[in-house]
Amino acid sequence: MNLRHFERYGVSPSTMIHAEGIKKSYGQNDVLKGVNLSVAAGSVTCIIGPSGSGKSTFLRCINHLEKINDGLMLVDGDFVGYRLQNDKLYELSDAQICERRADIGMVFQHFNLFPHMTVLENLTEAPLQVRKGNKQHARKHAMELLARVGLDHKASAYPRHLSGGQQQRVAIARALAMRPKVMLFDEPTSALDPELVGEVLSVMKDLARDGMTMVIVTHEIGFAREVADQLVFMDGGVVVETGDPREMIANPKSARTREFLGRVL
């Protein structure tokens with residue numbers, strides 16, 4: 001936690017993610033047009049919106065998988081891809097970015113497990129290579145995480161032998177193996193068969209109860225209503241509305257939010 005940056009930018013120390021005026025474009029295509037969002041430590045934020053609204057791009061900006069063109073992004077009071085020196089931002093080396101990104105777990109839509117590694121090896125690879133951890137400790141922690149997601153009996157299996165729901169639960173455990181400060185989920189259930197969605201959402205609910213800071217891009221409105229502390233509706237590269245999920249779903253203030261929810265509920 002960098003208190004100097006908290007004070008410099010007027011951000012509360014209880015804030016885990018602070019995004020201010022985030023812009024991202026690809027050539028002439030402006031995907032993010034000034035996104036402002038604050039995520040409190042230990043809270044769950046769900047982001048909803050139509051395809052092409054910039055939800056996934058914003059999520060990838062948080063851990064510097066996408067470089068922002070303008071704006072301020074702080075995670076736990078510090079920059080992810082930059083260092084501040086003499087009032088100027090300088091991009092970090094790939095190794096330094098990887099080191100800082102280790103504090104931000106990310107779960108993708110399509111699992112992204114290493115197909116040539118067993119489930120256990122998938123969980124221990126990053127802690128050993130990036131964190132330079134002890135092999136015995138890494139294996140012990142990995143088995144604890146697999147038990148947590150109900151898959152310790154699959155430790156020696158390869159991803160191709162798992163169902164989609166099992167692969168996604170392994171992907172969540174793999175992200176947790178790095179002991180992250182925050183977890184990002186990019187539509188984690190959209191590639192799953194409907195009957196497998198529940199097992200993944202159950203794991204995410206357990207994480208929420210344990211106080212893990214999470215930002216989730218999702219189409220699961222019922223899940224957002226039940227679990228989220230903050231609901232965010234994005235459209236056209238900006239945050240249109242944010243608020244308490246139950247109140248916002250029942251009585252959206254924006255006509256655009258009301259139109260979107262009317263189509264998906």
Side-chain angles (χ1 to χ4, degrees), residues 1-2 16-17 41-44 59-60 62-65 75-81 83 92-186 188-189 191-192 196 199-216:
M1 181 172 66
N2 195 320
M16 179 59 72
I17 298 171
S43 71
V44 178
L59 203 70
R60 293 169 67 88
I62 295 175
N63 67 355
H64 203 65
L65 283 176
V75 177
D76 197 26
D78 213 345
F79 302 100
V80 179
R83 60 181 172 85
L92 299 174
S93 67
D94 289 343
Q96 290 171 317
I97 292 172
C98 187
E99 184 179 341
R100 291 200 181 175
R101 193 181 283 145
D103 289 331
I104 308 170
M106 186 154 187
V107 178
F108 299 89
Q109 181 177 344
H110 292 290
F111 325 136
N112 288 5
L113 299 176
F114 300 121
H116 62 290
M117 294 183 180
T118 66
V119 165
L120 183 60
E121 289 168 342
N122 263 277
L123 265 68
T124 58
E125 178 70 8
L128 293 176
Q129 298 300 322
V130 179
R131 297 286 198 195
K132 308 300 180 184
N134 174 277
K135 186 173 183 179
Q136 183 178 349
H137 291 164
R139 287 174 63 89
K140 181 176 182 292
H141 187 223
M143 289 304 298
E144 291 170 350
L145 290 172
L146 287 174
R148 182 175 183 179
V149 300
L151 291 172
D152 48 325
H153 63 293
K154 295 289 188 179
S156 60
Y158 287 88
R160 65 181 178 273
H161 298 139
L162 304 179
S163 70
Q166 289 172 331
Q167 289 189 59
Q168 194 62 295
R169 283 187 281 157
V170 170
I172 293 172
R174 182 177 65 174
L176 291 172
M178 294 294 283
R179 305 180 190 273
K181 297 176 180 177
V182 59
M183 287 279 286
L184 310 177
F185 294 84
D186 189 6
T189 61
L192 300 178
L196 301 177
E199 62 189 55
V200 173
L201 294 182
S202 177
V203 171
M204 295 169 66
K205 289 176 185 177
D206 287 342
L207 290 178
R209 282 191 287 268
D210 289 346
M212 171 63 73
T213 307
M214 297 194 288
V215 181
I216 306 164

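Numbering starts at 1 and runs along the sequence shown.
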Between [atom1] on residue [X] and [atom2] on residue [Y], distance to nearest 0.5 Å:
X	Y	atom1	atom2	answer
His116	Glu121	NE2	CD	8.0 Å
Ile216	Met183	CD1	CE	9.0 Å
Leu184	Ile17	CG	CD1	6.0 Å
Lys140	Glu144	NZ	CD	4.0 Å
Asn122	Phe111	CG	CZ	13.0 Å
Leu201	Leu196	CG	CG	11.0 Å

Donor-acceptor pair, [X] side chain versus [Y] backbone, under 3.5 Å?
X	Y	result
Asp152	Met143	no
Arg131	Met178	yes
Gln168	Phe108	yes
Asn63	Arg101	no

Taking all non-hydrogen atoms of both residues into account, name the closest pair between [X] and [Y] and its distance.
X	Y	answer
Pro115	Pro159	O-CD, 3.9 Å
Val130	Ala102	CG1-CB, 4.1 Å
Met212	Leu176	CE-CD2, 3.8 Å
Leu59	Met106	CD2-CE, 3.9 Å
Pro127	Ala177	CG-O, 3.6 Å
Gly165	Val200	O-CG2, 3.8 Å

I want to check something: taking the side chain as every heavy atom from C-beta on, are [X] and [Y] in contact at a cut-off of under 4.5 Å?
X	Y	value
Val215	Met16	no
His161	Gln166	no
Lys181	Val75	no

Residues Val182, Ile62; criterion side chain to side chain contact (heavy atoms under 4.5 Å, CB included); working and verdict: CA-CA 10 Å; Val182 59; Ile62 295 175; 5.6 Å; no

One pair to check against side chain to side chain contact (heavy atoms under 4.5 Å, CB included): Leu146 and Lys154. What are the steps and the verdict? CA-CA 8 Å; Leu146 287 174; Lys154 295 289 188 179; over 6 Å; no

Please indicate whether Asp94 has more than 12 foreign heavy atoms, meaning atoms of other residues, nucleotides or ligands, lying under 6.0 Å from its CG. no

Mark yes when over 12 heavy atoms from residues, nucleotides or ligands other than Arg148 sit less than 6.0 Å from its CZ; otherwise mark no. yes

Passes side chain to side chain contact (heavy atoms under 4.5 Å, CB included), His64 versus Leu92? Steps please. CA-CA 11 Å; His64 203 65; Leu92 299 174; over 6 Å; no

I need the single residue from Leu120, Val149, Leu162 that forms a side-chain contact (heavy atoms from CB on, under 4.5 Å) with Val170. Which is it? Leu162

Could you check His141 against Arg179 for side chain to side chain contact (heavy atoms under 4.5 Å, CB included), going step by step and ending with a plain yes or no? CA-CA 10 Å; His141 187 223; Arg179 305 180 190 273; 3.4 Å; yes

